[in-house]
Amino acid sequence: MATVVLVGTLDTKGAEYGWLRERLREQGCDVLLVDVGVHAPPGDAPAADVPADVVARTAGHDLTALRTAGDRGAAVAAMAEGAALTVAALHREGRLHAVLAAAGSGGSAIAAQAMRALPIGVPKVLVSTMAGGDVAPYVGSSDVTLMYSVVDIAGINAVSRLVLGNAAAAAAGMAARFEKADTGGTGRRVVAATMFGVTTPAVDAARARLAELGYEVLVFHATGAGGRAVEKLAADGMLDGVLDLTTTELADERVGGVLSAGPDRLTAAGAAGVPQVVAPGALDMVNFGPESTVPARFADRRLLVHNPTVTLMRTTPAEMRDLGAELGRKTAAATGPAEVFWPLRGVSAVDVADGPFEDTEADAAALEAVRRTGVRLHEIDAHINDPAFAVAMADRLHALITTQGATS
C-alpha cells in the first residue's frame with residue numbers, strides 16, 4: 001500500500017490535517033503524520049506518528065528549549081531541519097511514496113525544506129497561502145508541486161474542502177503510481193549538459209556524440225534554475241557524469257546579473273565524485289533583462305541587446321580573471337575525475353573574431369588564471385561551438401566515466 005507522509009503544524013492546523021488524513025485513507029493510502037509544530041497541539045488534534053519533540057531531536061534540538069526561547073524564526077528553522085531529516089529517513093526506509101502539506105508562510109517554509117530534501121521524482125504536494133506569489137524560495141531546484149490555497153488554511157469550508165480534497169487526491173494518485181513505478185530508468189548511463197543559446201551548437205554536437213556512446217543526456221538551460229537543478233541531481237546521485245559546457249551562471253553570481261545559480265554552482269558533482277568536464281561557455285557575458293533594467297553602475301559597459309527581454313554585458317579582463325580562477329579552483333577541488341576544456345578561439349557565439357563580444361585580453365586573462373590553479377587543462381585550438389571541441393569534451397567525459405567504473 002502506498003504511504004503518504006503528511007507534514008504539518010498540528011498546534012495550529014490539527015483539524016485540517018485530521019481531515020486530510022481521512023481523505024487519503026479513503027483513497028486507499030496508508031498515512032504517516034509528522035508534527036512540525038513548535039507548541040503543544042490542542043486536545044482534539046490527531047495523534048502524530050512522529051511527534052514534534054522527535055522531529056526537533058532528530059536535528060539535535062530540544063523542543064522545550066525552543067518553546068522557552070520564544071524565537072519563532074529560530075524555532076521554524078530548527079523544525080524545518082528536523083522535518084527534512086525525518087522525511088529523508090522515511091524515504092530511505094521505503095515508508096514514503098509521497099509527501100503532502102497544507103500551510104501558511106511558516107508551515108510552508110518547514111514543509112518545503114523537507115520536500116527539497118527528497119530526490120527528484122518523489123511526489124511532493126504543497127498547498128500554501130504563499131503560492132500566489134514568488135514561489136522560488138519554496139521550490140528551489142526541486143520538483144515541488146504547489147497549489148494556491150485560495151483561502152487561509154483555517155478550517156474546512158466550502159472552498160478549502162475543494163482545494164484540500166484535490167490535493168489529497170493528487171497526492172494519493174502520485175503515491176500509488178510512485179509505489180509501482182519502475183524507477184530504474186532506461187538502463188543507460190545519465191549525463192547532464194548545460195546549455196545557453198550562444199552555446200547550443202556545441203551542446204547539440206556533444207549530445208549527439210554521447211548518444212552514440214550509449215548515454216541518456218539531460219540538457220539544462222543555464223538560467224540559474226538550470227544550474228541549480230544540475231547541482232541537485234548530482235548531489236542526489238542521479239548522474240553518471242556532467243558535461244558542464246556552459247558555466248555562465250558563475251559570471252552572473254560574481255558580477256551581479258539576473259541568472260545566478262548561487263555560490264555553490266560547480267561544486268556538487270565534485271563533492272559527489274561524479275566525473276565532469278568543464279568549459280567556460282558564455283563566461284563572456286552577464287545577463288540582465290530589458291536594456292532599461294541594466295543597473296546604472298554599468299552604463300559605460302559593452303552591452304548587447306540579445307532580444308527585447310534579455311540584455312548581455314561583456315565581462316571585463318579583471319572579471320574574467322576572477323572567473324577563470326573560480327572555475328579552475330572549483331574543478332580542481334573535485335573528489336572525482338574533473339578536467340577543464342578551454343576553446344582558444346572564443347567562449348560563445350558572440351565571442352568570435354570581429355564579433356560584438358570579442359575580447360582576446362579578457363579571454364586570455366581567464367585562461368591564465370585557470371592554468372595557475374593546477375587543474376587538468378585541455379587547451380583546444382577551436383571555438384567553443386566548433387563540433388571538434390564538443391566531441392573532444394564528450395569523448396573525454398566518456399573516458400573518465402568508463403575509467404571510474406572500471407576501478408570502482
Side-chain angles (χ1 to χ4, degrees), residues 2-22 24-25 29-119 122-130 137-140 142 144-146 153-154 164 167-168 171 175 235-236:
T3 300
V4 176
V5 173
L6 286 171
V7 177
T9 53
L10 301 190
D11 52 356
T12 60
K13 307 198 185 313
E16 294 83 355
Y17 274 90
W19 189 88
L20 279 170
R21 183 169 63 180
E22 291 309 307
L24 289 166
R25 287 174 173 169
C29 292
D30 211 354
V31 183
L32 289 175
L33 181 53
V34 178
D35 183 9
V36 294
V38 175
H39 300 289
D44 58 352
D49 298 289
V50 184
D53 62 326
V54 174
V55 173
R57 192 162 58 248
T58 298
H61 301 283
D62 179 77
L63 186 60
T64 301
L66 292 175
R67 291 171 176 171
T68 302
D71 185 335
R72 185 175 184 273
V76 167
M79 296 307 289
E81 183 183 0
L85 292 169
T86 298
V87 299
L90 290 171
H91 173 255
R92 287 194 302 272
E93 295 163 5
R95 301 171 63 198
L96 182 156
H97 301 107
V99 60
L100 170 63
S105 60
S108 293
I110 295 171
Q113 183 166 329
M115 293 176 183
R116 293 195 304 271
L118 296 168
V122 179
K124 314 162 185 73
V125 181
L126 173 57
V127 183
S128 175
T129 60
M130 306 299 289
Y138 301 101
V139 176
S142 191
V144 178
T145 299
L146 275 166
I153 312 296
L164 295 179
D236 286 348

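On a predicted model such as this, the values are computed, not experimentally measured, just so you know. Counting begins at 1 with the first residue of the sequence.
Taking each heavy atom of D49 and P51 in turn, the nearest pair found is O-CD, 3.7 Å. Across T129 and S105, no two heavy atoms sit closer than the pair OG1-N, 4.0 Å. When every heavy atom of H61 is checked against every heavy atom of E81, the shortest pair comes out as NE2-OE1, 3.2 Å. Nearest heavy-atom pair across G104 and S128 is O-OG, 4.3 Å. Minimum interatomic distance between A98 and A171 (heavy atoms only, all atoms of both residues): CB-O, 3.8 Å. Of all heavy-atom pairs between V4 and A175, the closest is CG2-CB, 3.8 Å.
The shortest side-chain heavy-atom distance between L118 and L96 falls under the 4.5 Å cut-off. A heavy-atom distance below 4.5 Å is not found between the side chains of Y138 and V144. Residues V99 and V7 have side chains in contact (heavy-atom distance under 4.5 Å, counting atoms from C-beta outward). With contacts defined as side-chain heavy-atom distances shorter than 4.5 Å, the pair M115/V87 does not qualify. Taking the side chain as every heavy atom from C-beta outward, S108 and L126 approach each other to under 4.5 Å. Between L24 and L6, some side-chain heavy-atom pair lies under the 4.5 Å cut-off. Using a 4.5 Å cut-off on side-chain heavy atoms (C-beta onward), M79 and L66 make contact.
Here the NZ-CG distance, from K13 to L20, works out to 12.0 Å after rounding to the nearest 0.5 Å. Atom CZ in R57 sits 13.5 Å away from atom CG in L85 (nearest 0.5 Å). The structure places CZ of R95 at 8.0 Å from OG1 of T3, a figure rounded to the nearest 0.5 Å. Here I153 contributes atom CD1 and T12 contributes atom OG1; the two are 10.0 Å apart, rounded to the nearest 0.5 Å. Here the straight-line distance linking atom CG of L63 with atom OG1 of T68 works out to 9.0 Å at 0.5 Å rounding.
Other residues, nucleotides and ligands contribute over 12 non-hydrogen atoms within 6.0 Å of the CZ atom of R67. Heavy atoms from other residues, nucleotides or ligands lying under 6.0 Å from CZ of R72 number 12 at most.
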What pairs of donor and acceptor atoms, side-chain ones from residues 29-44 against any protein atom, are under 3.5 angstrom apart with sequence neighbours left out?
residue, atom, partner, partner atom, Å
D35, OD1, L10, N, 3.1
D35, OD1, G37, N, 2.9

